[in-house]
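Note sheet for the following structure.
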Number of protein chains: 2
Amino acid sequence: MGVVSIRDVATAAGVSIGTVSNVLNRPEKVADATVAKVRAAIDELGFIRNEAARQLRDGRSAAIGLVVLDVRNPYFTDVAHGVETAAAAAGLSVTLGNSDGDPARERRYLELFEQQRVQGVLISPADASLDRLRRLDERSIPVVLVDGVDPTGALDAVTVDDVAGGRMAAEHLLGLGRRRLLVVAGPATLSQVADRLAGVRAAIAAVPDASIEVVHLPQLTVTAGRELGRSLVARPASARPDAVFAVNDLLGLGVLQALVLERGTVRVPEDVAVIGYDDIEWAASAVVPLSSVRQPREQLGRTAIEALLARGAGGERAGAVRFAPELVARRSTTG
Amino acid sequence: MGVVSIRDVATAAGVSIGTVSNVLNRPEKVADATVAKVRAAIDELGFIRNEAARQLRDGRSAAIGLVVLDVRNPYFTDVAHGVETAAAAAGLSVTLGNSDGDPARERRYLELFEQQRVQGVLISPADASLDRLRRLDERSIPVVLVDGVDPTGALDAVTVDDVAGGRMAAEHLLGLGRRRLLVVAGPATLSQVADRLAGVRAAIAAVPDASIEVVHLPQLTVTAGRELGRSLVARPASARPDAVFAVNDLLGLGVLQALVLERGTVRVPEDVAVIGYDDIEWAASAVVPLSSVRQPREQLGRTAIEALLARGAGGERAGAVRFAPELVARRSTTG
DNA sequence: GTGCCGATATGAAACGATTCAACGATCTGC
DNA sequence: GCAGATCGTTGAATCGTTTCATATCGGCAC
């Protein structure tokens, strides 16, 4: 007993293949008795539609692709959750790809999705060059950037204002009297990183005696943050910043952890204030609750799907939708 | 310019369809000059293989399905990471489904995967009845349970010894002199929950004056744990347990957070010791570092894929592979 | 009895790739 | 100059579904 096809069902029910297909897709066009016969045959044989054949026929799949920078970052799983929920409501399934920030992996997923003829791609780009994405979009696979903008405006984008977010974080620190800022950043090629940094610089520029130091880490992870934190502890006190802005919470929590673990050496926030970005669930429950800049994550995912569907349905281009971030002050800065 | 097919490439390159296919799949069988011509045509036209057609032809896709109980739980993203890495090495892609512990959602994913003719399914079952999975397995879609066992032995399973893990956690608490244990559990239908609980009961039974209270929460999340923690704080001190075992770290961290936030009322671990399960990355960096029972997550994922591939390749059934958990003691129990 | 209608059911074409038997061209050795 | 081997290419069949033009049938009006 190999795999059961629609043909086997037709034979068993004593009808034609076309009728079985009608029962599957337009049962109202088929006589009740026939529907019943066919349904019985389907159950008995355990027939399961072959999705590949169906796709081949109508040219595209019922799925959309989502490529995130890091599945282990709660920020992205929250966005993914929003995406999945909205997609399911539209009868679409979501294939999740994890680029780990690697343009090569990103490219593999894009190829895979294109081969699968997905109905659209949602992506937080790891590759600063958006050429490949623009080409995909032109080849009639709508692309929506999630948390990232296309300077040329060719691609739809759903973002949170990262420049404003960076500025808010910096102004918060400066407002608390901090003057020697350290920005713990990720790869400069990520637009989020570049924008948040630009926001910080703008805020700093407005305060004459404020200074800034920037470190670019290759990875936006807790481990990377912890290592950097350790190096801060190792510095003589006079060479330490009095405030740290981490471009995401993973880094921020890592830094925090390292600072606090060396008990007594560095106090948070007395000696060094720390603020992160994203306001993931863990920020609130850290050793010292971490201040952060909150993004409307699930909404981002939902809106991205809406933009995609709008494109598919007829072309209205959403353009660049931008949400506002929100500062959440906690003990790691306010004490 | 609609979508480019292999036929267009053949025409453009002045060869037959079969030859283009050969260039794609067995270039060594084709004359160098022809390969070059075809490749040029492919690039020029921007041809992308239609995966649906390929699949239809050879009967199955190059993907495997993975259904987890909760994508937002770092435990599962770590397992998923292991799975994805191992699958990629075998040239397979992974479609990730999130059941959120809901049997209905689980069922939808299984149907989807079956329609897609995946090469196999890896699953942490939400539905205690494994019938559907056994049927799937019989219909020649190999199923491997990840962190769950099939009592009938019909399904392959890769697990960590949950009974032993539960016992380790309880013995650790008892060894520290605690006697009134509260077990914060999840749905009793989850085998992991049931097994860990069984381990606890076994340990308790060996200590005459030890008592145990069990609470089953509907969700294994931080939020659920926090709520329960709050209710503990509200109890009169005499009615509080002196130790809490949470069946996963999400719950444990939630409980911890609630206890610690009400400063002064309940001290951890002096008044109440807390231990979790899984040893996710966040356990170590909690307000009070959380003791936990560690599972080899990535290895679990890798081993599951190996079992799947072995089945696919020829039938050697892996049976039930079982790893040993490991106790990680931190301040939340040892002070 | 003829013609027509609506309601159902049918059968063939199409989707795009893969595979394999068969074919033609070129070469080898005698 | 020919049998036989080698190499590269071709064309047709095939996978399972959907769709649509066409066929069938019973009933109804005249």
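Just so it is clear, the structure is predicted and the values come from calculations on it, not from any experiment. Residue numbering restarts at 1 for every chain, and letters A, B, ... go by the order of the sequence lines. These numbers come from the heavy atoms of this one structure, side chains and all, not from hydrogens, waters or symmetry mates.
Contact record, B:A62 with B:Q119: CA-NE2, 4.0 Å, taken as the closest heavy-atom pair. The minimum heavy-atom distance linking A:L130 with A:P151 is given by the pair CD1-CD, 4.2 Å. Taking each heavy atom of A:R117 and B:V4 in turn, the nearest pair found is NH2-O, 4.4 Å. In terms of heavy atoms, B:S99 sits closest to B:V67 at CB-CG1, 4.0 Å.
At whole-Å resolution of the value, CD in B:Q55 and C1' in C:dT19 are 17 Å apart. In this structure, CZ of B:R57 is placed 12 Å from C1' of C:dG16, rounded to the nearest angstrom. Atom CG in B:L56 sits about 14 Å away from atom P in C:dC15, given to the nearest Å. Residue B:R54 contributes atom CZ, which lies 18 Å from atom C1' of D:dG16 at whole-angstrom precision. In this structure, the CZ atom of B:R60 is 15 Å from the P atom of D:dG16, given to the nearest Å. Here C:dA9 presents its C1' atom at 10 Å from NZ of A:K37, a figure rounded to the nearest Å. Rounded to whole angstrom, the span from the CD1 atom of A:I17 across to the P atom of D:dT17 amounts to 9 Å. What separates CZ of A:F47 from P of D:dG16 is a distance of 10 Å, to the nearest Å.
At the heavy-atom level, B:V20 lies nowhere under 4.0 Å from the strands shown. At a threshold of 4.0 angstrom between heavy atoms, the contacts of A:D58 with the nucleic acid are absent. Nucleic acid contact class of A:N25 (heavy atoms, under 4.0 Å, all strands): sugar-phosphate only. Nucleic acid contact class of B:S5 (heavy atoms, under 4.0 Å, all strands): sugar-phosphate only. Backbone-only engagement by B:V15 is indicated by non-hydrogen atom pairs under 4.0 Å involving sugar-phosphate atoms exclusively.
Side-chain contact, A:D150 with A:T152: a donor N or O sits under 3.5 Å from an acceptor N or O. Residues B:Y75 and B:D70 bring no donor and acceptor atom of their side chains to less than 3.5 Å of each other.
A heavy-atom distance below 4.5 Å is not found between the side chains of A:R60 and A:V118. Between B:I123 and B:V146 there is no side-chain heavy-atom pair separated by less than 4.5 Å. In this structure, the side chains of B:E306 and B:V144 stay at 4.5 Å or more apart for every pair of heavy atoms.
Here B:R49 reaches the OP1 or OP2 of C:dT18: one of its side-chain N or O atoms lies under 4.0 Å away. For C:dT8, the OP1/OP2 oxygens have no side-chain nitrogen or oxygen of A:T34 closer than 4.0 Å. Phosphate contact (OP1/OP2 of C:dG16, side-chain N/O of B:R7, threshold under 4.0 Å): absent. Put simply, B:R26 has a side-chain N or O that comes within less than 4.0 Å of OP1 or OP2 on C:dT19. Between B:T19 and D:dT10, a side-chain N or O to OP1/OP2 separation shorter than 4.0 Å is present.
You'll find that the side chain of A:A31 is closest to C:dT8, out of C:dA17, C:dT8, C:dT18. For A:V30, whose side chain is taken as the heavy atoms from C-beta onward, the closest listed nucleotide among C:dA9, D:dG16, D:dT17 is C:dA9. Set against D:dT9, C:dG16, D:dT17, the side chain of B:N50 has C:dG16 as its closest nucleotide.
By the 4.0 Å N-to-carboxylate-O rule, A:D78 lies close enough to B:R72 to be salt-bridged with it.
Where B:A53 and A:L24 meet DNA chain D, the nucleotide closest to each residue was compared, and B:A53 sits on the side nearer the 5' end. Each of B:D32 and B:R117 has a nearest nucleotide on DNA chain D; the 5'-most of these lies closest to B:D32. Positionally, the nearest nucleotide of DNA chain C for A:N22 lies more toward the 5' end than for the other of B:I48 and A:N22.
From one end of the helix from C:dG1-D:dC30 to C:dC30-D:dG1 to the other, with five pairs defining each end axis, the axis direction shifts by 50° (rounded to 10°).
In this structure, the salt bridge (Lys or Arg N to Asp or Glu O under 4.0 Å) partners of A:D137, at least two apart in sequence or on a different chain, are A:R311, A:R317.
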Protein heavy-atom contacts under 4.0 Å, written 5' to 3' over nucleotides 21-26 of chain C as B (base), S (sugar-phosphate only) or - (none), form the string ------
